[in-house]
2 protein chains.
Amino acid sequence: MSKASSSVDRVYDRVRHMAANFEFKPDERINESALSTALGASRTPLREALNRLVAEGFLTFQNGRGFFCRSLSPEKIVDLYEARQAIECEALRRSVERASDDEIATVLAYLDDTEPHYNTSDSTVEVLEMDEDFHIRLAQLSKNSELVRLLRNINDRIRYVRLVDLKMILAKKQIARNKGAKLSAHRIILNALAARDEKAAVAAMRGHIERRREEATEAVRIAYSQLYVPAD
Amino acid sequence: MSKASSSVDRVYDRVRHMAANFEFKPDERINESALSTALGASRTPLREALNRLVAEGFLTFQNGRGFFCRSLSPEKIVDLYEARQAIECEALRRSVERASDDEIATVLAYLDDTEPHYNTSDSTVEVLEMDEDFHIRLAQLSKNSELVRLLRNINDRIRYVRLVDLKMILAKKQIARNKGAKLSAHRIILNALAARDEKAAVAAMRGHIERRREEATEAVRIAYSQLYVPAD
DNA sequence: GCATTTTATGCTGTATACAATTCTGTATGA
DNA sequence: TCATACAGAATTGTATACAGCATAAAATGC
């Protein structure tokens with residue numbers, strides 16, 4: 001049960017995390033020598049990791065100029081939200097066919113377990129983690145590993161903006177939060193799935209993501225200001 | 001207007017093409033030294049290219065054992081077809097909102113131009129190229145570059161099976177082919193888009209891809225036999 | 001003072017070397 | 001006959017060196 005992870009893997013994980021959280025500023029050039037020494041590896045494994053991240057959409061690459069952080073623009077983020085709608089709605093359609101009642105019940109149990117914490121936690125990171133986890137579990141019911149893979153990739157690429165968005169939401173609705181009075185969006189989707197009501201489930205999912213998509217432009221604006229203000 | 005492509009880029013293009021066409025057999029191990037000399041480059045740029053291809057889903061990687069061709073299974077291909085449905089249908093929905101009449105007319109003109117050749121060519125490679133090109137142009141109407149990017153990736157990963165499938169279809173319907181008598185599937189989709197009929201367009205697209213998805217298992221079987229029979 | 005050329009610095013792109021690991025084939029024993 | 005152990009070969013993983021390019025800085029001309 002050992003990990004036996006290579007240098008590339010360690011570097012990859014670390015740099016991916018940095019890129020996801022915009023520890024490189026948008027469009028910032030990445031200095032390979034500096035980063036490699038900072039990570040305690042040589043440039044060779046670092047560059048291999050960077051190449052993977054380019055293919056995943058976390059970084060860009062220009063010949064002769066090196067690697068750069070991806071840019072951060074409302075358009076790009078909206079594009080990703082739309083891709084997320086495509087993926088998650090498709091997964092849901094397949095889940096209606098393929099997920100057993102037991103499997104759906106397991107996800108429902110997960111929801112029951114986490115919802116109290118989800119509704120009271122002040123840590124946006126924790127809340128987002130739970131949210132992502134729910135969506136992944138739901139997508140896995142489709143039995144389509146490609147859709148799950150794509151969703152994971154998209155989630156990681158919009159995480160920073162989602163985090164900002166979530167902070168925004170919590171700041172606004174700090175007083176009145178879902179405490180079971182109203183059915184949560186997640187519960188509505190899952191209930192529709194359990195009832196094998198494809199249309200209702202997909203519509204709920206679409207709307208659920210759509211609401212965030214609409215906030216994307218604003219969230220990106222705030223994200224920028226947050227990125228370029230040194231003090232937190 | 002020079003290309004100024006680096007060694008990595010050249011190697012990347014070449015190996016990607018090889019992987020797409022299963023010039024490496026499914027699950028086959030890739031020998032880095034041999035391949036690098038064959039491509040006239042050293043192992044360093046080759047490995048960078050291989051890492052990109054892993055991230056894109058063309059290859060897999062096992063620590064300490066190296067790079068392998070992706071496996072070829074009906075399940076994987078079905079997964080990809082479903083992902084394609086997700087992407088293309090979403091793109092179509094957005095195109096209904098965003099594509100101008102002129103832009104749609106341009107794609108229609110492309111269809112008019114290519115359809116004669118499309119219906120008579122005996123080269124499955126050519127036919128598939130035209131088909132992919134049409135679908136990409138259509139997806140671009142969505143103005144969502146992420147969806148286009150994903151579609152390109154998926155298309156390249158299922159190309160080999162699609163090629164086999166197409167050969168199968170042409171062999172069967174060799175006599176009676178669409179010569180304008182019946183409206184082509186592409187034309188139906190495009191007309192619905194032009195009429196801003198989202199439901200009809202999406203339904204047509206879904207069905208269009210669904211038909212191929214249903215043939216996937218059979219096509220994979222034939223693909224296997226073709227891959228492991230030396231003579232063509 | 002501004003634009004332009006030249007020079008210098010730093011960084012990237014690739015090859016190569018070598019250590020570490022895995023694989024293959026053979027021999028040995030039950 | 002099968003399993004195991006071992007030795008040699010092959011292959012991968014990483015560091016390092018250096019050439020070539022791009023960028024920044026300095027110098028020159030107007």
Side-chain angles (χ1 to χ4, degrees), chain A residues 1-19 22-71 228, chain B residues 1-19 22-71 228:
Chain A
M1 66 163 290
S2 72
K3 192 66 176 306
S5 72
S6 68
S7 181
V8 181
D9 286 335
R10 280 187 296 103
V11 167
Y12 168 79
D13 287 341
R14 183 88 190 82
V15 177
R16 185 180 154 111
H17 187 267
M18 291 173 78
F22 280 105
E23 293 177 34
F24 311 110
K25 301 268 180 291
D27 300 308
E28 179 187 347
R29 187 175 181 163
I30 293 173
N31 187 319
E32 296 172 17
S33 323
L35 187 56
S36 68
T37 56
L39 299 178
S42 79
R43 278 179 58 218
T44 308
L46 171 61
R47 282 182 61 105
E48 293 190 5
L50 292 175
N51 272 288
R52 283 199 217 175
L53 293 167
V54 168
E56 288 184 64
F58 287 96
L59 304 175
T60 63
F61 174 77
Q62 280 177 266
N63 213 300
R65 308 204 335 113
F67 297 87
F68 298 79
C69 183
R70 70 196 182 285
S71 57
Y228 290 102
Chain B
M1 65 164 290
S2 73
K3 192 64 178 305
S5 73
S6 67
S7 180
V8 182
D9 287 335
R10 279 186 297 105
V11 167
Y12 168 78
D13 287 341
R14 184 87 189 85
V15 178
R16 185 182 156 113
H17 187 267
M18 293 172 76
F22 280 105
E23 292 179 33
F24 311 110
K25 300 268 181 289
D27 301 307
E28 178 186 346
R29 186 177 183 162
I30 293 171
N31 186 319
E32 297 172 15
S33 323
L35 187 55
S36 68
T37 56
L39 299 178
S42 80
R43 278 179 58 219
T44 309
L46 171 62
R47 281 181 62 105
E48 293 190 5
L50 292 175
N51 272 288
R52 283 198 215 174
L53 293 167
V54 168
E56 288 184 62
F58 287 96
L59 304 175
T60 63
F61 174 77
Q62 279 178 268
N63 212 299
R65 308 203 337 109
F67 296 87
F68 298 79
C69 184
R70 69 195 182 286
S71 57
Y228 290 102

Open item on the list: Does anything in residues 42-52 of chain A come within less than 4.0 Å of DNA chain C? Heavy atoms only, and list the residues if so.
Closed with: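 When residues 42-52 of chain A is checked for heavy atoms under 4.0 Å from DNA chain C, the hits, listed by number, are A:Arg43, A:Arg47.
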Open item on the list: Does anything in residues 22-45 of chain B form a ring pair (Phe, Tyr, Trp, His ring centres under 6.0 Å)? List the pairs, not counting sequence neighbours.
Closed with: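 As it turns out, the ring pair (Phe, Tyr, Trp, His ring centres under 6.0 Å) pairs with a partner in residues 22-45 of chain B, which skip direct neighbours, are B:Phe22-B:Tyr160.
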TODO: Could you name each residue pair satisfying ring pair (Phe, Tyr, Trp, His ring centres under 6.0 Å) that touches residues 33-57 of chain A, not counting sequence neighbours?
DONE: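 Ring pair (Phe, Tyr, Trp, His ring centres under 6.0 Å) check on residues 33-57 of chain A returns no pairs.
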[X]: what forms a side-chain contact (heavy atoms from CB on, under 4.5 Å) with it, not counting sequence neighbours?
{"X": "B:Ser7", "result": "B:Arg10, B:Val11, B:Ala41, B:Pro45"}
{"X": "A:Arg16", "result": "A:Tyr12, A:Leu53, A:Glu56, A:Phe58, A:Asp156"}
{"X": "B:Ser33", "result": "B:Asn31, B:Arg43"}

List, with names and distances, any nitrogen or oxygen atoms from the protein found under 3.5 Å away from nitrogen or oxygen atoms belonging to nucleotides 6-11 of chain D.
from, atom 1, to, atom 2, distance (Å)
D:dT11, OP1, B:Asn31, ND2, 2.9

Task: Separation of atom CG in B:Asn63 from atom P in D:dT12, rounded to whole Å - done: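 One finds 13 Å between P of D:dT12 and CG of B:Asn63, rounded.
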Task: Terminal contacting nucleotides, 5' and 3', DNA chain C versus chain A (heavy atom, 4.0 Å) - done: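 The footprint of chain A covers C:dC11 to C:dT14.
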- [ ] Would you classify B:Phe67 as touching base, sugar-phosphate or nothing, given that sugar-phosphate means primed atoms plus P, OP1 and OP2, and contacts are heavy atoms under 4.0 Å?
- [x]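 No contact.
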- [ ] Could I get the full list of ring pair (Phe, Tyr, Trp, His ring centres under 6.0 Å) partners for B:Phe61, not counting sequence neighbours?
- [x]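 Listed in chain order: B:Phe67.
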Open item on the list: If you assign B:Ala41 and A:Gly66 each to the DNA chain C nucleotide with the nearest heavy atom, which residue ends up on the more 5' nucleotide?
Closed with: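 It is A:Gly66 whose nearest nucleotide is closer to the 5' end.
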Open item on the list: For the backbone of B:Arg29 and the side chain of B:Arg65, can you confirm whether one donor and one acceptor N or O come within less than 3.5 Å of each other?
Closed with: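 Answer holds: no.
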- [ ] Would you please name every residue forming a side chain to side chain donor-acceptor pair (under 3.5 Å) with A:Arg47, sequence neighbours left out?
- [x]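 Testing A:Arg47 for side chain to side chain donor-acceptor pair (under 3.5 Å), a comparison that skips the adjacent residues, returns A:Glu32, B:Glu48.
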- [ ] Supply the atom-to-atom distance A:Asp27 CG to A:Thr60 OG1, rounded to the nearest 0.5 angstrom.
- [x]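 Here the interatomic distance stands at 7.0 Å.
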Open item on the list: Evaluate A:Asp9 against A:Arg52 for salt bridge (Lys or Arg N to Asp or Glu O under 4.0 Å), listing each step before the verdict.
Closed with: CA-CA 11 Å; A:Asp9 286 335; A:Arg52 283 199 217 175; 3.8 Å; yes
